[in-house]
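The structure under discussion appears below in the form of structure tokens.
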Amino acid sequence: MQDPCQAREVLGIVGDKWALLIVRMLKDEPLRFTELKRAIDGISQRMLTVTLRDLERDGILTRTVRNVMPPHVSYELTAMGRSLREATAPLLEWSITHMPQIDAARTAYDNR
């Protein structure tokens, strides 16, 4: 039987805002690094690189390099990545839906 505390490694992926945003962006089609960088507001080039490597290592996405000049590198969700996308989609939608309320609550709290 596995130790339930080992789940924290997987929860680290699920709890990482950049990882979830990348998974969300890759839901429909493979994207290149620059397309991901443009689509994810606020992510640095280094953080995108690190997060993509982590997701590839964990089997969430694949990295494909086409040998053209300049090299064409694209990222695509694996079957496991698609299942992660399905599992986390409600959380992301909840976040988007409730952002105005969260912003209002933060403002009210900060103005106390």
Side-chain angles (χ1 to χ4, degrees):
M1 183 169 202
Q2 295 240 341
D3 178 3
C5 291
Q6 289 179 327
R8 72 177 174 265
E9 289 184 37
V10 174
L11 292 173
I13 297 168
V14 176
D16 181 89
K17 66 180 176 181
W18 300 124
L20 287 185
L21 290 173
I22 290 168
V23 168
R24 183 171 193 237
M25 299 312 300
L26 293 173
K27 69 179 180 168
D28 295 323
E29 62 186 349
L31 294 174
R32 295 180 70 179
F33 183 93
T34 53
E35 293 170 317
L36 287 166
K37 176 82 172 76
R38 274 193 301 260
I40 302 172
D41 188 39
I43 193 167
S44 69
Q45 184 166 330
R46 176 173 161 29
M47 185 53 66
L48 180 56
T49 299
V50 167
T51 306
L52 288 168
R53 285 182 185 158
D54 289 346
L55 291 171
E56 182 181 12
R57 180 175 181 255
D58 291 339
I60 305 298
L61 58 79
T62 58
R63 178 179 183 264
T64 303
V65 180
R66 288 184 37 221
N67 290 326
V68 293
M69 284 309 284
H72 179 119
V73 180
S74 62
Y75 299 89
E76 183 174 14
L77 293 177
T78 62
M80 188 167 49
R82 287 188 298 277
S83 71
L84 175 62
R85 165 68 175 100
E86 290 171 16
T88 59
L91 176 61
L92 290 167
E93 293 308 316
W94 181 92
S95 301
I96 292 166
T97 300
H98 291 88
M99 199 65 232
Q101 293 165 299
I102 292 168
D103 284 342
R106 287 176 177 173
T107 299
Y109 181 89
D110 291 346
N111 289 333
R112 292 195 284 177

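Both backbone and side-chain heavy atoms feed into the values below; hydrogens, waters and symmetry mates do not. A quick note: this is a predicted structure, and the numbers were derived from the prediction, not measured.
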Any chance you could lay out the side-chain contact (heavy atoms from CB on, under 4.5 Å) test for Val65 and Arg63, step after step, and finish with the verdict? CA-CA 7 Å; Val65 180; Arg63 178 179 183 264; 3.5 Å; yes

Going hydrophobic residue to hydrophobic residue with side-chain gaps under 4.5 angstrom, can you get from Leu26 over to Met80? yes

For the student: nearest non-hydrogen atoms of Arg32 and Pro71, plus distance: NH2-O, 3.7 Å

Straight-line distance of Ser83 OG to Arg85 CZ, nearest 0.5 Å: 12.0 Å

Under 4.5 Å between side-chain heavy atoms, hopping through other hydrophobics if needed: is there a path connecting Val50 to Met25? no

For residues Leu92 and Leu84: do they belong to one hydrophobic cluster (side chain heavy atoms under 4.5 Å, members Ile, Leu, Val, Met, Phe, Trp, Tyr)? no

Let me see the working for Leu31 and Ile22 under side-chain contact (heavy atoms from CB on, under 4.5 Å), right down to the final yes or no. CA-CA 10 Å; Leu31 294 174; Ile22 290 168; over 6 Å; no

Is there a chain of hydrophobic side chains (I, L, V, M, F, W, Y, each step under 4.5 Å between heavy atoms) that links Leu77 to Leu20? no

Begin with the C-alpha distance, continue with both residues' side-chain angles, and end with the deciding distance and a verdict on side-chain contact (heavy atoms from CB on, under 4.5 Å) for Leu52 and Tyr75. CA-CA 8 Å; Leu52 288 168; Tyr75 299 89; 3.7 Å; yes

Would a distance-only check, ignoring hydrogens and angles, find a side-chain to backbone donor-acceptor pair under 3.5 Å from Thr88 to Leu91? no

Between Asp16 (side chain only) and Trp18 (backbone N and O only), is there a donor and an acceptor less than 3.5 Å apart? yes

Give the minimum heavy-atom separation between Ala19 and Leu55, together with the two atoms involved. CB-CD2, 4.0 Å

So does Ile60 get a backbone contact from the side chain of Thr78, meaning a donor-acceptor N/O pair under 3.5 Å? yes

Note: Glu93-Arg24 ion pair, threshold 4.0 Å (strictly below): yes

Report the distance from atom CG of Leu36 to atom CG of Leu48, rounding to the nearest 0.5 Å. 6.0 Å

Value rounded to 0.5 Å, distance of NZ in Lys17 from CD1 in Ile43: 9.0 Å

Could you note down all residue pairs passing salt bridge (Lys or Arg N to Asp or Glu O under 4.0 Å) where residues 34-46 supplies at least one of them, sequence neighbours left out? none

Rounded at 0.5 Å granularity, tell me how far CG in Asp58 sits from CZ in Arg53. 14.0 Å

Is Trp94 linked to Met99 within one hydrophobic cluster, defined over Ile, Leu, Val, Met, Phe, Trp and Tyr using a side-chain heavy-atom separation of less than 4.5 Å? yes

The criterion is ring-ring contact (aromatic ring centres under 6.0 Å, His included); which residues satisfy it with His72, sequence neighbours excluded? none

